[in-house]
Number of protein chains: 2
Amino acid sequence: MARWEPDARGRLEKAAMELFQERGYAGTTVEEIAARAGVTERTFFRYFADKREVLFSGSKVLEAWIVERIHSAPREMNTFAVVTAALEGAATELQATRDPAFVRARYLLVSNHSEIQERELIKLAALAASVTKALHARGVAEPGASLAAEAGIAVFKIGFERWVGEKKMGNFAAHIRAAADALKTVAAEGTEPQSSRSAPQRKRARRGGDEPKR
Amino acid sequence: MARWEPDARGRLEKAAMELFQERGYAGTTVEEIAARAGVTERTFFRYFADKREVLFSGSKVLEAWIVERIHSAPREMNTFAVVTAALEGAATELQATRDPAFVRARYLLVSNHSEIQERELIKLAALAASVTKALHARGVAEPGASLAAEAGIAVFKIGFERWVGEKKMGNFAAHIRAAADALKTVAAEGTEPQSSRSAPQRKRARRGGDEPKR
DNA sequence: AGTTCTATGTCAGTAGCTGACATCACTCCC
DNA sequence: GGGAGTGATGTCAGCTACTGACATAGAACT
């Protein structure tokens with residue numbers, strides 16, 4: 001028999017999520033998390049660099065999903081399409097492998113605690129950097145690669161928020177596609193009347209029924 | 001005569017920047033900052049919510065510049081143009097009122113310390129939220145408002161990085177304009193071949209001489 | 001059987017941050 | 001002009017996140 005219960009990391013993550021929901025993030029100490037997981041505080045910090053990090057085990061996986069898809073995208077596909085397709089694929093995979101209730105609970109936790117939100121944002125920034133690098137490997141030049149990556153992250157964020165905001169969480173990838181289309185529309189609006197900045201505003205075209213209400 | 005030296009806040013900010021550059025962010029304690037500013041640690045925390053916050057007095061000003069410009073933009077102007085114009089205006093104002101050496105020093109500090117970078121990112125996220133709100137006030141609907149705001153922030157970030165990256169920092173607003181144009185190009189690429197995703201990649205058009213080397 | 005490995009525990013210490021209360025020049029008001 | 005605030009600061013005690021150094025005991029290897 002093993003000397004210790006296996007999967008201390010997993011137990012710590014589970015204990016942390018439970019306690020954060022029971023008592024709030026600030027209201028629970030690392031010592032309490034460790035105790036519930038049956039280890040000491042010191043062990044917690046061997047697995048996680050700090051208290052927040054316990055909530056972010058999934059971010060490396062997400063990044064891998066996206067980057068892989070960019071690398072394996074057909075050569076002729078244009079940059080923004082590659083990015084959005086990769087995001088849609090990752091979204092589908094995420095939805096297939098994660099419990100929606102967990103995803104929503106974690107989202108609420110993050111959006112209610114700026115301390116955690118900061119960490120989330122830097123993870124997304126790291127994701128953008130990885131996407132940029134993957135685009136460079138496809139031969140995409142600067143600043144197009146960075147812009148496509150950052151725009152992609154914006155699309156992901158907004159698509160995610162609208163997905164999680166649904167009463168019954170539907171198709172994540174569809175929300176991403178909708179956000180990408182909306183971004184294209186917004187960006188294109190500014191294209192023609194650029195020199196004389198007084199052309200009448202065009203109405204945005206309504207796309208098919210995937211968009212949430214609101 | 002006054003009981004205390006005036007502008008404790010300013011002295012703290014100055015002392016902090018100096019010490020962070022001398023000994024690094026992690027290598028300087030709040031106590032040291034306070035001592036150099038001639039106050040106690042407790043007083044530091046009366047002016048700033050935490051150690052990082054001492055570096056972010058400028059972010060409210062920047063936000064105000066941008067939001068004001070959005071509110072006062074002509075009604076007929078289209079959304080993305082409003083945002084980029086506001087960013088360009090704020091960029092010009094920032095460049096006119098801040099010492100480039102300070103801006104660069106602060107940038108290097110932020111980009112070398114993930115702890116500070118997290119704070120920077122959440123300030124930008126708050127900025128995006130304010131831009132979104134200002135666009136709502138113009139009658140822009142969701143998700144276009146959020147997307148335009150997030151895309152604008154991406155443009156600002158990348159324009160800023162490329163500006164600070166220049167040996168001799170030139171025209172900030174021009175970098176923002178270049179980034180905005182590049183984003184439009186990137187987003188437009190994905191427009192036509194959407195249904196059959198195998199159309200040949202088009203070369204991106206090179207714009208005029210404002211773009212930095214790299 | 002002995003050695004080494006590895007995940008964990010123990011302990012002491014630093015630094016960020018907070019609440020409670022004290023101080024004292026200045027100001028206001030009767 | 002004297003007493004009662006007021007407001008920026010100091011003092012102090014304390015919590016918690018986080019770290020380095022060292023100890024321990026099964027497990028695995030030879």
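Quantities reported herein were computed from a predicted structural model and do not represent experimental measurements.
A salt bridge links B:Arg69 with B:Glu93; the closest basic N to acidic carboxylate O contact falls under 4.0 Å. Note on A:Arg52 versus A:Glu120: no salt bridge recorded, every NZ/NE/NH1/NH2 to OD/OE distance being 4.0 Å or above. A salt bridge between A:Arg23 and A:Glu32 is present, with a side-chain N of the basic residue lying under 4.0 Å from a carboxylate O of the acidic one.
Of the residues in residues 33-58 of chain B, those lying under 4.0 Å from DNA chain C by heavy-atom distance are B:Glu41, B:Arg42, B:Phe45, B:Arg46, B:Ala49, B:Asp50, B:Lys51. Applying a 4.0 Å cut-off to non-hydrogen atoms, the residues of residues 18-32 of chain B that approach DNA chain C are B:Thr28, B:Thr29, B:Val30, listed by residue number.
Annotation: A:Tyr107 is not in aromatic contact with A:Phe102 [ring centroid separation under 6.0 Å not met].
Residue pairs meeting the ring-ring contact (aromatic ring centres under 6.0 Å, His included) criterion with at least one partner in residues 47-74 of chain B, sequence neighbours excluded, are B:Phe44-B:Phe48. Sorted by first and then second residue, the salt bridge (Lys or Arg N to Asp or Glu O under 4.0 Å) pairs involving residues 53-68 of chain B (not counting sequence neighbours) are B:Glu53-B:Arg119, B:Glu53-B:Lys123. Annotation: ring-ring contact (aromatic ring centres under 6.0 Å, His included) contacts involving residues 118-137 of chain B, sequence neighbours excluded, are absent.
A:Thr185 contributes a side-chain N or O that, together with a main-chain N or O of A:Asp181, makes up a donor-acceptor pair within less than 3.5 Å. With hydrogens and angles disregarded, a donor-acceptor distance shorter than 3.5 Å links the side chain of B:Ser130 to the backbone of B:Ala126.
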Do any N or O atoms of the protein come closer than 3.5 Å to N or O atoms of nucleotides 3-7 of chain D, and which pairs are they?
from, atom 1, to, atom 2, distance (Å)
D:dG7, N2, B:Arg3, NH1, 3.4

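Counting to the nearest Å, the C1' atom of C:dG16 and the CD1 atom of B:Ile116 are 15 Å from each other. Remark: C1' of D:dG26 and CD of A:Glu5 are 14 Å apart, rounded to the nearest angstrom.
Geometrically, A:Lys51 does not engage A:Phe45 in a cation-pi contact defined by less than 6.0 Å to the ring centre and at most 45° from the axis.
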